[in-house]
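Working notes, beginning with the structure itself.
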Amino acid sequence: MARRVRDANLESREARKSSKLKARDKPHWRAIERGLHLGYRKPKGGGTGKWVVRHYLGKQSYEVETIAAADDNSDADGVAILNFWQAQELARKGMVKRAHKAAGRGGRFTVADAMAAYLEFLEANRKSAEDARYRVDAHILPTLGDIEVASLTTEQLRRWLADLAKAPARLRTKKGKTQQHRAAAHDDESKRRRRSTANRTLTVLKAALNHAWHDGHTPSDAAWRRVKPFEGADAAKVRYLTVTEATRLINASDQVQFRKLVQGALQTGARYGELSRLAVSDFNPDSGTVAIRQSKGGKPRHVVLTDEGAAFFAQLSAGRAGDELMFRNAAGEPWKKSHQNRPMADACKRAKLTPAIGFHGLRHTYASLAVMNGAPLLVVAKNLGHTDTRMVEKHYGHLAPSYIADAIRAAAPRFGAIEESNLTPLSALERRKQSAVTPR
């Protein structure tokens, strides 16, 4: 027997008649199976509502059909009038019938179908699918989209991965225009970055194909299981700013709204996407925290602010509506994907930061300076949104005060082979002062 999916707003006629459930033309949907939704359309003028079923067809298209009247005013008869549980059962029977009919036509299931089903799964059950959707549209569908999943070969996927790693980085291009690319660079760091991008896209492809395999759309996962990511591609050197450099960057940001965005990143360590979705009401002046409700990992968190950070957000949110976005661009619009790149590059140039740093480097700056000032790795990890300290240890652990470093510096041999020079380097104390974070 199929499991029953509960919904307190739909499963009883009393709940459906309640004012909490708004009358509207658009149905109130409830997912009951992957790719299958049961909806209830509550009429605006009162009367009996209708049960509606939505079937996912692939390639971001759906088919919607009304199946029966709801038992709002009359007892369910199992045919023309259905209660919530009967509507669920009928919807599932329809799904099975459609699947059998599709199988009779050959049941060809392509990579594009697998991607569409996986993206729908992400949006319904996990985190935001924005990054995955971008990778699917830009890097997967153009080459692999029309290929049947069952006919994919390991050699084919390895060739796709190698070609992706060689392709130049894409530039933001207007819709309808030919895709623009950054001039190809052949240094080791550029090569590592392209391989890292290819690895992340391979992760999305494998996840979608595994999702299709678990759903029975293909008999084997061997073709992509044998494809391995590039080794050493994710071992990037963490670039961070000193407090002095960060101050120069803030002052060099000539756009007022971008300057606020930079300050928000330095005060929270939040990702660009998290900051762009932040609402005024997400700042809590009583606790001195900012709520990140939608994160890369799919789990919400509260970022604890310093006194300086709390004062910054208090000033930024003063007199504004709670549902308003905390950060907007110079045109008053939300910050979208890649919109931060150009003003960040311009600000780095004016601040004379060499090498320049990307916006994500502000997150590294926050974490690096916090660790160097003695913040426990677990505390930094929680503020950054990591479930444990592994990522923080990997990227910032070497910056933390360590008994190993103290022991080596005290006991390792000295050889007296340093030549004299007229240049006087900054002392460790002076460097630490330059990197000091304003205390709470």
Side-chain angles (χ1 to χ4, degrees), residues 59-60 110-119 122 127-149 151-212 221 223-239 271-273 296 336-346 348 355-361 364:
K59 298 183 179 179
Q60 302 179 37
T110 66
V111 173
D113 295 325
M115 295 302 118
Y118 177 64
L119 291 174
L122 279 184
K127 57 190 179 186
S128 168
E130 184 178 351
D131 180 70
R133 187 177 299 282
Y134 169 78
R135 295 182 184 280
V136 167
D137 293 340
H139 303 305
I140 298 175
L141 294 185
T143 305
L144 304 174
D146 293 333
I147 300 173
E148 189 173 2
V149 172
S151 67
L152 284 170
T153 66
T154 301
E155 181 182 357
Q156 192 176 39
L157 294 174
R158 284 174 178 164
R159 186 167 57 249
W160 163 81
L161 183 65
D163 290 343
L164 181 58
K166 295 175 184 176
R170 292 161 59 97
L171 294 174
R172 198 171 69 205
T173 306
K174 291 184 178 180
K175 286 187 177 180
K177 300 292 184 180
T178 303
Q179 177 62 50
Q180 301 296 308
H181 295 85
R182 186 175 290 118
H186 303 289
D187 59 283
D188 290 343
E189 178 58 15
S190 297
K191 185 177 180 180
R192 184 204 64 78
R193 288 180 180 178
R194 294 307 302 153
R195 286 186 170 186
S196 179
T197 295
N199 282 353
R200 291 194 294 272
T201 305
L202 176 64
T203 299
V204 173
L205 175 65
K206 281 189 169 185
L209 295 178
N210 283 331
H211 187 262
D221 66 337
W224 56 88
R225 185 158 36 86
R226 298 189 188 105
V227 180
K228 304 300 181 184
F230 293 105
E231 294 183 357
D234 298 322
K237 180 180 179 181
V238 173
R239 166 90 164 98
R271 301 176 180 90
Y272 170 72
K296 181 180 178 181
K336 296 296 183 67
K337 181 178 177 63
S338 301
H339 285 186
Q340 81 283 16
N341 291 341
R342 186 169 298 172
M344 186 69 185
D346 292 342
C348 286
I357 191 170
F359 194 89
H360 195 73
H364 292 317

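The residues of the chain are indexed from 1 along the displayed sequence.
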> Could you go step by step and tell me if T201 and W160 meet the side chain to side chain contact (heavy atoms under 4.5 Å, CB included) rule?
Replying inline: CA-CA 11 Å; T201 305; W160 163 81; 3.9 Å; yes
>> Walk me through whether V149 and W224 qualify under side chain to side chain contact (heavy atoms under 4.5 Å, CB included).
In response: CA-CA 10 Å; V149 172; W224 56 88; 4.1 Å; yes
> Can you check side chain to side chain contact (heavy atoms under 4.5 Å, CB included) on M115 and L205, steps first, answer last?
Replying inline: CA-CA 8 Å; M115 295 302 118; L205 175 65; 3.6 Å; yes
> What's the verdict on side chain to side chain contact (heavy atoms under 4.5 Å, CB included) for L209 and L152, showing C-alpha distance, side-chain angles and the deciding distance?
Replying inline: CA-CA 10 Å; L209 295 178; L152 284 170; 3.9 Å; yes
>> Using salt bridge (Lys or Arg N to Asp or Glu O under 4.0 Å), reason through R135 and D131 one step at a time and then give a plain yes or no.
In response: CA-CA 6 Å; R135 295 182 184 280; D131 180 70; 3.0 Å; yes
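Across all their heavy atoms, R195 and A165 have their closest contact at CG-CB, 4.1 Å. Between L122 and A132, the shortest heavy-atom distance links the atoms CD1-CB, 3.8 Å. Of all heavy-atom pairs between A167 and R194, the closest is O-NE, 2.7 Å. When all heavy atoms of K228 and L161 are compared, the pair lying nearest together is O-CD2, 3.7 Å. Across all their heavy atoms, A208 and A114 have their closest contact at CB-O, 4.1 Å. Nearest approach of A223 to T154, heavy atoms of both residues: O-OG1, 2.9 Å.
Once rounded to the nearest 0.5 Å, the distance linking CG of L202 with NE2 of H139 reads 12.5 Å. To the nearest 0.5 angstrom, T143 atom OG1 is 10.5 Å from R159 atom CZ.
Atom CZ of R158 has more than 12 neighbouring heavy atoms from other residues, nucleotides or ligands inside a 6.0 Å radius.
Taking D221 as the reference, R225 meet the salt bridge (Lys or Arg N to Asp or Glu O under 4.0 Å) condition, with sequence neighbours excluded. In terms of the salt bridge (Lys or Arg N to Asp or Glu O under 4.0 Å) criterion, R200 has no residue partners (sequence neighbours excluded).
Considering only heavy atoms from C-beta on, Q156 comes within 4.5 Å of I147 through its side chain.
One side chain, T110 or D113, offers a donor N or O that lies under 3.5 Å from an acceptor on the other.
Proximity of a side-chain donor or acceptor of T197 to a complementary backbone N or O of R193 within less than 3.5 Å is detected.
With respect to Y272, the side chain to side chain contact (heavy atoms under 4.5 Å, CB included) criterion is satisfied by exactly one of H339, M344, K337: H339.
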